[in-house]
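Below is one structure, written out as structure tokens; the observations come after it.
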Amino acid sequence: MQDLVYKYGQRVISFLIVITLLVNWEMFSIIGAAGLTLANNLLIVIWIILLFTSAIGLYLKTNWGFFFFYPGVLLTTIGFSIPLIPFVISVFTFELRPWIMIGINSMLLMFALWTHWLKHVINKPPKQVH
């Protein structure tokens, strides 16, 4: 199981991020719209940059992809209430959707932490005993 997570975990997360960006394409079009403040526009641009760069970094299996993903998932959850696995919350009733979204994003965050930890444990050189 750990070998599968180590091999494919980062690319699965990257794929989910790209799907999330494609599903929420309207976020790109509201930048600069009337009624949005500079702070709102800046948050949207920061969100897009964080998720886009983390998708690239995780697909390339680099460490910096994780460091862009962690604040990106927090901004996605707290700032925009967008699930990182789209279409799942539409199955649930309207009252449960926020809790399901928090659960999905939290589980994906824990999966990313586990993948990041496995990357360091597996790539760690063995100790030299003298």
Are I17 and F69 close enough that some pair of their side-chain heavy atoms sits under 4.5 Å apart?
-> yes
Would you give the length of the straight line joining atom CG of L36 to atom CG of L42, rounded to the nearest 0.5 angstrom?
-> 12.0 Å
Measuring from I49:CD1 to L75:CG, what's the distance to the nearest 0.5 Å?
-> 11.5 Å
Listed by chain and number, what are the ring pair (Phe, Tyr, Trp, His ring centres under 6.0 Å) partners of F111, not counting sequence neighbours?
-> none
Spacing of CZ belonging to F66 relative to CD1 belonging to I13, to within rounding of 0.5 Å | 6.0 Å
Taking only residues at least two apart or on different chains, which pairs with a member in residues 8-25 satisfy side chain to side chain donor-acceptor pair (under 3.5 Å)?
-> none
S54: partners by side chain to side chain donor-acceptor pair (under 3.5 Å), with sequence neighbours left out | none
Separation between CG (L21) and OG1 (T76), nearest 0.5 Å, reads 8.0 Å
Would you please name every residue forming a ring pair (Phe, Tyr, Trp, His ring centres under 6.0 Å) with F67, sequence neighbours left out?
-> H116
Are V91 and I104 joined in one hydrophobic group, where the rule is that I, L, V, M, F, W and Y side chains link up if heavy atoms are under 4.5 Å apart?
-> yes
Heavy-atom donor-acceptor pair, K61 side chain to K119 backbone, under 3.5 Å = no
For residues 80-88, which side-chain donor-acceptor pairs fall under 3.5 Å, sequence neighbours excluded?
none

Report yes if the side chains of F15 and L58 come closer than 4.5 Å at any heavy-atom pair, otherwise no.
-> no
Please write out which residues are connected to M110 in a hydrophobic cluster, directly or through intermediates, given that two of Ile, Leu, Val, Met, Phe, Trp, Tyr count as joined at side-chain heavy-atom separations below 4.5 angstrom.
-> M107
State whether the number of non-hydrogen atoms from other residues, nucleotides or ligands found under 6.0 Å of W114 atom CH2 is greater than 12.
-> yes
same_hphob_cluster(I56, I48) at 4.5 Å side-chain heavy-atom cutoff | yes
Is L38 isolated, or which residues cluster with it under the ILVMFWY side-chain rule of less than 4.5 Å, directly or via members?
-> none
Side-chain hydrophobic cluster, 4.5 Å single linkage: members besides F94 = none
With no hydrogens and no angle check, is any side-chain donor or acceptor of T53 less than 3.5 Å from a backbone partner on L50?
-> yes
Does V18 belong to the same Ile/Leu/Val/Met/Phe/Trp/Tyr cluster as F68, with side-chain heavy atoms less than 4.5 Å apart forming each link?
-> no
Are L108 and V23 linked, directly or through other ILVMFWY residues, by side chains that come within less than 4.5 angstrom of each other?
-> no
Within one Ile-Leu-Val-Met-Phe-Trp-Tyr cluster: L16 and F52, side-chain cutoff 4.5 Å = yes
What residues form a side chain to side chain contact (heavy atoms under 4.5 Å, CB included) with T62, not counting sequence neighbours?
-> L60, W64
Donor-acceptor list for residues 26-35 side chains, cut-off 3.5 Å, not counting sequence neighbours:
from, atom 1, to, atom 2, distance (Å)
S29, OG, E26, O, 2.8

